[in-house]
2 protein chains.
Amino acid sequence: MSNNRLSSVANAARVLKAFTASHPSWGVTELANHLELSKSSVHRILSTLVDSAMLEQHQNGRYGVGLAMFDLAAAAPTQRGLHEALLLPMTELRNRTGETVQVGVLDGRQVVYVERLDSPHTLRFFADMGRRNDAHCTGSGKALLAFAAPPLRDRVLKSWVLPARTAHTITSVPELKKQLALIRRRGYSENRHESEIGIVSIAAPIRDASGMTIAAMSVAGPAERIDAQHQAVTDAVIALSRVTSSRLGYTG
Amino acid sequence: MSNNRLSSVANAARVLKAFTASHPSWGVTELANHLELSKSSVHRILSTLVDSAMLEQHQNGRYGVGLAMFDLAAAAPTQRGLHEALLLPMTELRNRTGETVQVGVLDGRQVVYVERLDSPHTLRFFADMGRRNDAHCTGSGKALLAFAAPPLRDRVLKSWVLPARTAHTITSVPELKKQLALIRRRGYSENRHESEIGIVSIAAPIRDASGMTIAAMSVAGPAERIDAQHQAVTDAVIALSRVTSSRLGYTG
DNA sequence: ACAGTTGTCCCGCTATGCGGAATAGTCCTA
DNA sequence: TAGGACTATTCCGCATAGCGGGACAACTGT
């Protein structure tokens, strides 16, 4: 292992990261095979994490995430410095549009939604919070790519094989570049049935005091409802992402 | 260290758990002093967790929670088996009452809110999710205690020094026991300005197929709004916690 | 410019963590 | 009901990973 790193802690982190919304529960043998570690090593790590309340073991012997994760998740957005700046703008945007408002950050080729304010129409829970999605087919993701620093954007776009999520998803890098240029010119992005049929989202960048794009704010909802007030939603997203940027010290 | 546990993983878990909503950022020296570990040990753990994206280091050298936490938090409610059973009942309760609906589980002498559906009136974010609160002064907490298995309840109540959060908080165990008996008789609990002045919550138990109380469902809001429709809210909370229990196989 | 404090890195030492194998427990099927 | 398949758990010998003290570079405040 490289200098100054702890291999058993790194393995424990790999164990923790195996628990996802799509695979929330693991057995010892299954996880050992998945991670290519020995069963006794995995068992020791799991037992230690259960003692620490990071994980818990169920009656069927399988392991899942423990309550300590809720406390850690509660620490996450607070320290990003965005939280307080977002409260009023997101509320105003939600009240103006009546739709779900989210703020996402770029993580490699994905967007992670770190804040969210639900539409009254929404059936979904905050269990979906922290959800990540592909950057190339979401409003937030495309806004983050469009307004990213060029070296970062070039690094992300290089050799990227874009997965198709619907028939409308952009799947070629040249086409995506063209659309990102359009987004930069008009100041907002739009996802039309690209991540999910029937869903449209509109997003704009949030900038910090140095002018760097650190997040994107978006409104998302069923195509009919968004399209019925498309211009109003677009204007509101642009306005309120600017308000947020101002609160973070952006003066451009 | 006890048999079959990994002290470096246990220390890493202690490091992770130091990051909370109220203390989201730590320096190496500060954290080493707090945990009574050496600076080099803490530095190695932090660096390893940064490599794993569990934590991140900011430009000022301090450390905070990383994006991998969002993915872990997303795994948490899904594996509790509650999630799907809760979707429609919580939505109906929110729509009937117009107020925030939460579901909590007991963790020692606290309640951890594992699901939440916000009122359209709410200015708060899901960053508050996973929030924990004292069990003795919340609707959910008192419902969980009232309907807990007697051995568990006795264990929690024994030698408990109840902190006062407002002038209305119950601070003696005998008084709390009396109120828990009342809650069992009438089937729901109520927090009136006990956790926070101005806030009222009403809660009822969620039971699984074996009849065990595994969670509580609550509605919370400003006292004026809840009291204006008190009977309707109470009836709705009881009805929809029963609907949820039925979906989990409870037949009592 | 200097003192105080921090984060990072190095090194010798030893206790921790590893993995293979054995064992106990559970579940399913004939 | 018994046996096979598969799991989680435990043990033990070995060796290296992780420890902590201390040095050093960088940063901050006066």
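In the text below, chain A, chain B and the rest are named by the order of the sequence lines, each starting its count at 1. Worth knowing before you read on, the calculation uses all heavy atoms, side chains too, and leaves out hydrogens, waters and symmetry mates.
One atom, NZ of K39(A), and another, C1' of dC6(D), lie 8 Å apart when rounded to the nearest Å. Rounded to whole Å, the distance from CD on E56(B) to C1' on dG7(C) is 18 Å. Rounded to whole Å, atom P of dA8(D) lies 9 Å from atom CG of N60(A). In this entry the distance linking CZ of R62(B) with C1' of dT8(C) reads 17 Å, nearest Å. In this structure, CG of L37(A) is placed 14 Å from P of dA17(D), rounded to the nearest angstrom. For the pair E30(A) CD and dT7(D) P, the interatomic distance rounds to 9 Å; values are reported in whole Å. Across the protein-nucleic acid pair, L46(A) atom CG and dA8(D) atom C1' stand 10 Å apart, rounded to whole Å. The nearest whole Å value for the distance from the CG atom in L49(A) to the C1' atom in dG17(C) is 15 Å.
Interface remark: the R44(B) side chain does form a donor-acceptor pair with the dG20(D) base, using a distance-only criterion of under 3.5 Å. With hydrogens and angles left out, the side chain of S40(A) and the base of dG19(C) share a donor-acceptor pair within 3.5 Å.
For T29(A) and dC6(D), the shortest distance from a side-chain N or O to OP1 or OP2 is not below 4.0 Å. For the OP1/OP2 pair of dT16(C) and a distance below 4.0 Å, the side-chain nitrogens and oxygens of S7(B) include no atom meeting the criterion. Between Y63(B) and dT8(C) there is a side-chain polar atom (N or O) within less than 4.0 angstrom of OP1 or OP2. Residue H43(A) has a polar side-chain atom (N or O) positioned under 4.0 Å from OP1 or OP2 of dT9(D). OP1 or OP2 of dG19(C) sits under 4.0 Å from a side-chain N or O of S41(A).
Nucleic acid contact class of Q59(A) (heavy atoms, under 4.0 Å, all strands): none.
Using a 4.5 Å cut-off on side-chain heavy atoms (C-beta onward), M54(B) and F19(B) make no contact.
Interatomic distance, R184(A) CZ to K142(A) NZ, rounded to the nearest 0.5 Å: 13.0 Å. How far CG of L49(A) is from OG of S52(A): 6.0 Å, rounded to the nearest 0.5 Å.
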Candidate pair R109(B) and D134(B), rule salt bridge (Lys or Arg N to Asp or Glu O under 4.0 Å), full reasoning = CA-CA 6 Å; R109(B) 289 176 173 147; D134(B) 300 303; over 6 Å; no
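Take R14(A) and apply the side-chain contact (heavy atoms from CB on, under 4.5 Å) test, not counting sequence neighbours, and it matches N11(A), L35(A), L37(A).
Of the two residues near DNA chain D, V9(A) and V28(A), the one whose nearest nucleotide lies more 5' is V28(A).
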